[in-house]
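First the structure, then my questions, so here it is.
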Amino acid sequence: MSQFVQNFINGVAVESQSQRITSVFNPATGEETKKVKLSTATEVDSAIAAADAAFKSWSQQSPLRRARILFKFKELLEANFDELARLISSEHGKVYSDAIGELTRGLEVVEFATGIPHLQKGEFSANAGRGIDIHSIQQPLGVVAGITPFNFPAMVPMWMFPVALACGNTFVLKPSEKDPSVSIRLAELLKDAGLPDGVFNVVQGDKEAVDILLTDPRIQAVSFVGSTPIAHYIYEKGSANGKRVQALGGAKNHALIMPDADVQGTVNALLGAAFGAAGERCMALSVAVIVGDELADKIVEELTPRVKALKIGAGLLPEGETENDMGPVISKEHKAKIESYIDQGVEQGAKLCVDGRGYKVAGHENGYFVGGTLFDNVTPEMTIWKDEIFGPVLSVVRVKDYAEGMVIINSHQYGNGSAIFTADGDSARQFTQDVQAGMVGVNIPIPVPMAFHCFGGWKASIFGPLNVYGQDGVRFYTRMKTITTRWPDSVVRSQAAFNFPTL
Ligand code: NAD
């Protein structure tokens with residue numbers, strides 16, 4: 001019988017008593033490897049209660065002490081990278097080096113959060129008025145929740161909890177039920193690093209658990225990352241219940257390729273950014289908008305054999321074998337969905353240059369593989385342009401000039417990331433001004449900001465005003481309090497004043 005993935009509540013890994021059970025699969029083989037019990041309302045309640053009880057003491061620890069626990073956690077993460085990467089790959093399917101990359105980007109947020117004594121120290125104005133000083137403090141909110149997607153089962157939780165905990169909050173994480181195991185290892189490592197029981201809790205579950213997190217009055221804030229319809233739901237429901245919400249949604253990232261772009265460099269960048277992680281990245285580049293038919297012909301000609309030659313297979317291989325370029329997609333259903341998008345692209349008149357449907361990997365016949373797919377002559381009327389496919393499908397849109405390309409890019413519902421490939425500084429500068437996206441690359445295909453900046457898109461890629469991690473993370477997980485002080489010697493005792501006070 002498959003092993004059950006546990007919850008982690010009040011410092012202890014515990015098995016849920018739920019009768020609602022789902023399966024975790026190895027996407028490379030199609031085999032069920034574990035089961036997940038979708039937590040009951042009572043179990044979610046006990047996680048919130050543990051976090052609530054732990055808040056008083058944790059929030060009163062000095063930021064330096066909280067930072068030291070995170071330092072220790074960072075060391076433990078590094079020491080366990082190999083085990084964690086294998087766990088991610090076995091449930092998500094991504095190749096080992098990509099799982100190491102995900103862990104590294106998560107670790108960088110932990111490193112950022114260890115600077116909390118500096119980040120949270122507030123502001124001070126001496127002598128703002130005669131004998132009057134003003135200072136501000138950023139206090140933690142209380143219990144906060146994180147709801148995370150399947151595609152980065154370690155990194156996205158680590159976009160959230162290191163900053164939240166560093167600020168003095170306690171946390172309840174509801175990871176994706178598709179690849180939930182790594183969240184429990186992270187909870188165990190936090191405990192090993194010295195985190196007090198109850199400060200970080202994990203509940204496995206689905207909509208039922210999420211709805212409790214969105215409505216329970218003890219939860220002060222909710223961070224969500226996932227698809228746009230669910231992000232919108234989380235934002236509306238969480239806000240309606242008085243919570244602070246940041247909800248990051250889906251994406252369709254465009255690259256604008258100018259006639260002076262370096263062809264080889266651009267082709268290499270497109271390959272990695274469109275097909276890495278089988279296109280299951282919210283910052284994947286899935287649309288190449290190419291200026292001029294001559295350049296488009298050249299790029300499509302270069303791309304076609306290289307997309308056909310992508311090395312596709314299991315994310316984890318026996319020692320000594322060369323790693324694959326990309327692994328399987330997450331599930332049988334998702335594979336079918338991606339293939340149906342490819343069907344629609346063909347039906348709606350796009351030119352299919354490389355067809356990834358029906359892709360088989362020898363020895364992994366039941367794995368959820370989709371081959372690299374390349375479409376040319378895609379237009380904004382087509383479903384494959386409008387929708388997020390979240391698979392290894394790259395669409396080429398041909399335009400006559402910069403202006404036409406910009407109109408197409410900015411008319412898309414999503415605005416997560418975007419990039420320009422050019423050798424011309426003026427075009428690049430204009431692009432960074434004009435493009436309606438939250439994260440922009442100049443000759444950089446996946447411009448995911450480092451941990452000391454902030455991550456977030458525009459338009460339907462985000463709901464709520466604050467991005468994740470960086471200074472926005474600190475703002476999101478704290479409440480500002482501004483204190484105006486004077487002491488008796490400077491108090492003017494003359495008479496009561498009834499006008500609005502000015503300094
Ligand atoms: P998803 O929206 O299906 O699930 C995300 C989380 O929401 C999971 O924990 C899931 O259990 C929960 N959930 C699912 N249905 C729900 C419902 N009806 N009510 C309440 N909760 C529900 O997303 P996914 O398939 O796991 O992840 C892929 C999506 O995430 C893509 O759209 C991708 O672009 C997006 N994503 C965005 C970013 C970003 O930074 N903008 C980063 C990573 C992934």
Side-chain angles (χ1 to χ4, degrees), residues 2-3 5 22-36 81-106 148-157 175-185 225-227 271-284 286 307 310-318 321-339 341-342 356-373 388-394 446:
S2 301
Q3 178 197 342
V5 183
T22 178
S23 300
V24 177
F25 296 94
N26 179 344
T29 62
E31 285 162 359
E32 183 194 86
T33 53
K34 290 179 187 165
K35 287 185 187 292
V36 190
F81 254 30
D82 178 64
E83 179 214 333
L84 295 169
R86 287 175 185 284
L87 194 53
I88 292 169
S89 183
S90 68
E91 294 186 359
H92 174 282
K94 64 179 73 177
V95 300
Y96 178 83
S97 65
D98 198 31
I100 293 283
E102 144 161 30
L103 286 164
T104 305
R105 287 321 276 286
T148 53
F150 80 83
N151 67 324
F152 286 106
M155 182 183 78
V156 171
S176 168
E177 60 276 39
K178 298 189 179 114
D179 45 12
S181 298
V182 73
S183 61
I184 298 300
R185 284 298 290 133
V225 175
S227 59
L271 282 165
F275 301 106
E280 290 175 323
R281 289 182 183 140
C282 66
M283 287 294 275
S286 49
V307 175
L310 284 171
K311 194 168 173 296
I312 302 169
L316 291 175
L317 292 175
E321 284 189 26
T322 316
E323 190 170 76
N324 289 305
D325 296 326
M326 68 186 219
V329 300
I330 186 69
S331 64
K332 199 196 283 183
E333 295 73 26
H334 194 49
K335 172 180 155 76
K337 186 173 168 194
I338 295 166
E339 292 187 337
Y341 272 120
I342 302 175
R357 289 173 294 186
Y359 196 92
K360 288 281 175 229
V361 173
H364 290 79
E365 283 74 11
N366 295 323
Y368 313 137
F369 294 98
V370 179
T373 298
E388 178 184 44
I389 300 176
F390 220 55
V393 180
L394 175 62
I446 309 182

Checklist entry - Are the side chain of Asp325 and the backbone N or O of Ile312 linked by a donor-acceptor pair below 3.5 Å? => result no
Checklist entry - With no hydrogens and no angle check, is any side-chain donor or acceptor of Ser89 less than 3.5 Å from a backbone partner on Lys94? => result yes
Checklist entry - What distance do Glu102 atom CD and Ile100 atom CD1 have between them, rounded to the nearest 0.5 Å? => result 10.0 Å
Checklist entry - Is a side-chain donor or acceptor of Glu339 paired with a backbone partner of Val370 at a separation under 3.5 angstrom? => result no
Item to check | Point-to-point distance, once rounded to the nearest 0.5 Å, from CG of Asp82 to CG of Leu87 | outcome: 11.0 Å
Checklist entry - In Å, rounded to the nearest 0.5 Å, how long is the span from CG of Leu103 to CZ of Phe152? => result 11.0 Å
Item to check | Modelled atom types, side-chain donor and acceptor of Glu32 and Ser23, under 3.5 Å | outcome: yes
Next on the checklist: Classify the ring geometry of Phe150 against His92: parallel below 30°, tilted from 30° to 60°, perpendicular beyond 60°.
Outcome noted: parallel
Next on the checklist: Rounded at 0.5 Å granularity, tell me how far CD in Glu388 sits from OG in Ser286.
Outcome noted: 7.5 Å
Next on the checklist: Using only atom types and a distance under 3.5 Å, with no angle test, would you say the side chain of Glu323 pairs donor to acceptor with the backbone of Val95?
Outcome noted: no
Next on the checklist: Under the criterion side-chain hydrogen bond (donor to acceptor under 3.5 Å, both in side chains), I'd like the reasoning laid out for Ser331 against Lys178: C-alpha separation, chi angles, the key distance, then a yes or no.
Outcome noted: CA-CA 9 Å; Ser331 64; Lys178 298 189 179 114; 5.9 Å; no
Checklist outcome for this item: Value for CD1 (Ile338) from OG1 (Thr373), rounded to nearest 0.5 Å, stands at 8.5 Å
